[in-house]
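Input: a single structure, listed below in structure tokens.
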Amino acid sequence: IATHEVKDTAHWLASPKRAEIFATIGVTNIRTFVNPQNRNSVGLIMDVPDMDAMMALLESDEGKAAEEYDGVLAETIAIYTLVIIILKVV
């Protein structure tokens with residue numbers, strides 16, 4: 001899950017950049033969300049096969065250029081990961 005703010009929600013929703021850049025590291029099943037109380041606050045849920053590759057992409061020049069193109073306010077990005085705990089009962 002990732003959340004952040006954008007300059008122009010309509011542009012962000014319509015942009016092909018997100019899918020293009022994330023496809024390079026195998027990200028699939030990207031779903032977009034918009035906060036109805038603050039339409040410039042948006043979120044994504046996606047299947048990320050390699051979180052290290054995702055973080056490297058976001059820090060790369062290519063990643064920063066895609067964020068800029070999409071109007072992402074980079075300082076507002078928050079990333080959440082799924083934590084699975086397996087309990088063994090003995």
Side-chain angles (χ1 to χ4, degrees):
I1 299 173
T3 62
H4 53 76
E5 293 184 12
V6 293
K7 296 175 185 175
D8 180 338
T9 304
H11 171 78
W12 179 80
L13 287 168
S15 175
K17 287 286 183 198
R18 178 175 41 258
E20 290 170 6
I21 194 164
F22 288 151
T24 66
I25 58 167
V27 172
T28 59
N29 205 19
I30 302 170
R31 283 113 31 207
T32 56
F33 299 85
V34 176
N35 180 337
Q37 280 84 36
N38 176 4
R39 295 204 41 87
N40 289 75
S41 180
V42 298
L44 300 164
I45 294 177
M46 56 196 133
D47 296 332
V48 180
D50 182 342
M51 200 61 198
D52 290 335
M54 169 65 94
M55 298 311 291
L57 177 64
L58 294 176
E59 292 298 321
S60 72
D61 290 342
E62 183 183 17
K64 291 180 186 308
E67 289 171 5
E68 186 174 326
Y69 177 86
D70 280 355
V72 172
L73 302 176
E75 66 277 6
T76 67
I77 297 173
I79 297 179
Y80 305 83
T81 59
L82 177 64
V83 176
I84 299 174
I85 299 173
I86 300 173
L87 300 174
K88 182 177 179 182
V89 178
V90 286

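Computed from a prediction, not measured in an experiment: that's the story for all the values here.
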Separation between [atom1] of [X] and [atom2] of [Y], rounded to the nearest 0.5 Å:
X     : Y     : atom1 : atom2 : result
Ile25 : Leu58 : CD1   : CG    : 7.0 Å
Asp52 : Leu57 : CG    : CG    : 12.5 Å
Thr3  : Phe33 : OG1   : CZ    : 12.0 Å
Ile77 : Glu67 : CD1   : CD    : 4.0 Å

Just by modelled atom types, is the [Y] backbone N or O under 3.5 Å from a matching donor or acceptor in the [X] side chain?
X     : Y     : result
His11 : Tyr69 : yes
Ser41 : Asn38 : no
Ser15 : Asp70 : no
Arg39 : Ala10 : no

For the student: nearest non-hydrogen atoms of [X] and [Y], plus distance:
X     : Y     : value
Ile79 : Met51 : CG2-CE, 3.4 Å
Met54 : Val27 : CE-CG2, 4.0 Å
Leu44 : Arg18 : CD2-CD, 3.4 Å

Cluster check [X], [Y]: I/L/V/M/F/W/Y, side chain < 4.5 angstrom:
X     : Y     : answer
Tyr80 : Ile84 : no
Ile30 : Ile1  : no
Met55 : Val48 : yes

> Out of Asp8, Val34, Val6, which one pairs with Leu13 under the side chain to side chain contact (heavy atoms under 4.5 Å, CB included) rule?
Replying inline: Val34
>> Between His4 and Val42, does the side-chain contact (heavy atoms from CB on, under 4.5 Å) criterion hold? Intermediate values first, please.
In response: CA-CA 6 Å; His4 53 76; Val42 298; 3.4 Å; yes
